[in-house]
Participant: 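Have a look at the structure that comes next, please.
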Amino acid sequence: MAAPAPDPQPASGPVRDTSPGPGPVRDTSPGPGSVRDTSPDPGPVRDTGPSPGRDTSPAPDAEARPGTDADTDTPPGPDPLTVPSMSAGPDFVLRPWEMSDLPLIREAAQDPYIPLITTVPSRYSDRAAEEFVRRQWDRAATGAGYPFAIVRSRDRRPVGAIGLWLRELPEGRASIGYWMVPSGRGQGVTRAALRTVTGWALRDLGVPRLQLFIEPWNTASARIAVDAGYRHEGLLRGWQQVGDERRDMAVYGLLNSDGPVDGRAVASN
């Protein structure tokens with residue numbers, strides 16, 4: 001999984017996984033959905049979206065906040081975003097989060113790594129899970145990014161999360177994070193989701209640069225990132241607090257101007 005930014009960004013961009021199949025990349029955090037992914041599951045890709053108690057997303061327009069005087073010189077906040085539903089190959093769908101997704105959060109909370117690198121609660125309760133879902137809604141409402149639940153088509157069961165985070169879009173950058181629960185691993189889910197969000201961000205949204213943040217040990221996520229067209233660009237020492245320690249993150253980048261990878265356009269699904 002690509003290290004989900006503090007709360008898949010899991011890929012960069014939304015995951016320690018020892019079972020087969022891709023796990024959260026910086027969610028992590030995708031190849032064609034029809035490809036069977038039998039590689040070891042990647043850990044979560046760093047999710048660079050805001051985490052609870054440290055909301056770094058742009059604030060809403062001052063006029064919308066009761067009890068404050070609007071400063072006429074202050075530019076308006078970002079517009080709310082509408083999270084679309086998208087096919088990620090024949091087997092999976094990306095859609096907005098729903099309150100019916102609480103069983104997914106329960107399973108993610110039992111993973112030893114996902115709660116360390118996302119805002120998934122480490123101790124599950126319905127209330128904590130509902131707050132997690134509301135945070136995803138708030139991210140779209142405040143323009144911070146696009147959070148998706150990854151859903152298996154055949155039974156409509158949610159199996160993971162991926163997010164496109166726009167905090168640095170004014171500088172021409174966005175990050176992706178993802179994570180995957182054990183029941184969704186080994187099915188090509190991460191590849192399908194990553195390639196889908198990558199292609200959509202480059203082609204439809206016109207984002208100049210995408211980036212993923214992956215712990216160096218997470219070779220499965222690194223392979224998925226490279227397969228989707230991302231290039232290893234370097235090591236960021238002590239980049240992220242994970243549990244009780246600061247950890248290094250490898251950074252993978254993809255430019256809208258980059259050429260095809262292995263004969264495929266990097267923006268194709």
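Start at 1 with the first residue, then count along the sequence. For the numbers below, each heavy atom of this structure counts, side chains included, while hydrogens, waters and symmetry mates do not. Keep in mind that this is a model prediction, so the values were computed, not measured.
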Participant: Only counting residues at least two apart or in another chain, list the ones meeting salt bridge (charged side-chain N to carboxylate O under 4.0 Å, His left out) with R237.
Facilitator: none

Participant: So, Y252 versus S221: side-chain donor-acceptor pair below 3.5 Å or not?
Facilitator: no

Participant: Report the residues that fulfil salt bridge (charged side-chain N to carboxylate O under 4.0 Å, His left out) with R157, sequence neighbours left out, ordered by chain and then residue number.
Facilitator: E107

Participant: Got a sec, which residues hit side-chain hydrogen bond (donor to acceptor under 3.5 Å, both in side chains) with R173, two or more places apart in sequence or on another chain?
Facilitator: E168

Participant: Donor-acceptor pair, distance only, cut-off 3.5 Å: does the side chain of S153 make one with the backbone of D91?
Facilitator: yes

Participant: Of all heavy-atom pairs between D101 and A149, which one has the smallest distance, and what is that distance?
Facilitator: OD2-CB, 3.9 Å

Participant: State which residues pass side-chain hydrogen bond (donor to acceptor under 3.5 Å, both in side chains) with S100; sequence neighbours excluded, sorted by chain then number.
Facilitator: E98

Participant: What residues form a salt bridge (charged side-chain N to carboxylate O under 4.0 Å, His left out) with E130, not counting sequence neighbours?
Facilitator: none

Participant: Tell me the closest heavy-atom pair linking Y124 and A129, and the distance in Å.
Facilitator: CE1-CB, 3.4 Å

Participant: Between atom CG of L202 and atom CG of N256, what is the distance when rounded to the nearest 0.5 Å?
Facilitator: 4.5 Å

Participant: Could you tell me whether a side-chain N or O of D258 sits under 3.5 Å from a main-chain N or O of L255, the two making a donor and an acceptor?
Facilitator: yes

Participant: Going by heavy atoms in the side chains, are L94 and V83 under 4.5 Å from each other?
Facilitator: no

Participant: What residues form a side-chain contact (heavy atoms from CB on, under 4.5 Å) with S122, not counting sequence neighbours?
Facilitator: P115

Participant: Would you name the heavy atoms of I114 and M180 that are closest together and state the gap between them?
Facilitator: CD1-O, 3.8 Å

Participant: Could you check whether any side-chain N or O of Q187 sits under 3.5 Å from a backbone N or O of S183, counting only pairs where one atom can act as donor and the other as acceptor?
Facilitator: yes

Participant: Go through the structure and list residues passing side-chain hydrogen bond (donor to acceptor under 3.5 Å, both in side chains) with D248, not counting sequence neighbours.
Facilitator: none

Participant: Does one hydrophobic cluster hold both Y230 and L205, with members joined at side-chain heavy-atom distances below 4.5 Å?
Facilitator: yes

Participant: Could you list the residues that satisfy side-chain contact (heavy atoms from CB on, under 4.5 Å) with E245, not counting sequence neighbours?
Facilitator: R247

Participant: Can you name the side-chain contact (heavy atoms from CB on, under 4.5 Å) partners of Q110, sequence neighbours left out?
Facilitator: R106

Participant: Are any side-chain N or O atoms of W137 and backbone N or O atoms of W97, one a donor and one an acceptor, separated by less than 3.5 Å?
Facilitator: yes

Participant: Taking only residues two or more places apart in sequence or in another chain, which ones pass side-chain contact (heavy atoms from CB on, under 4.5 Å) with R123?
Facilitator: none

Participant: Taking the basic N atoms (NZ, or NE/NH1/NH2) and the acidic carboxylate oxygens, is any pair closer than 4.0 Å for E233 and R209?
Facilitator: yes

Participant: Quick one: side-chain hydrogen bond (donor to acceptor under 3.5 Å, both in side chains) partners of R134, sequence neighbours excluded?
Facilitator: none

Participant: Quick one: does any side-chain atom of R231 pair with a main-chain N or O of V226 as donor and acceptor, under 3.5 Å?
Facilitator: no

Participant: What are the two closest non-hydrogen atoms of L164 and A174, and how far apart are they?
Facilitator: CD1-CB, 3.9 Å

Participant: Could you tell me which residues satisfy salt bridge (charged side-chain N to carboxylate O under 4.0 Å, His left out) with D155, sequence neighbours excluded, listed by chain and number?
Facilitator: R152

Participant: May I ask you to check whether Y146 and W200 place their ring centers less than 6.0 Å from one another?
Facilitator: yes

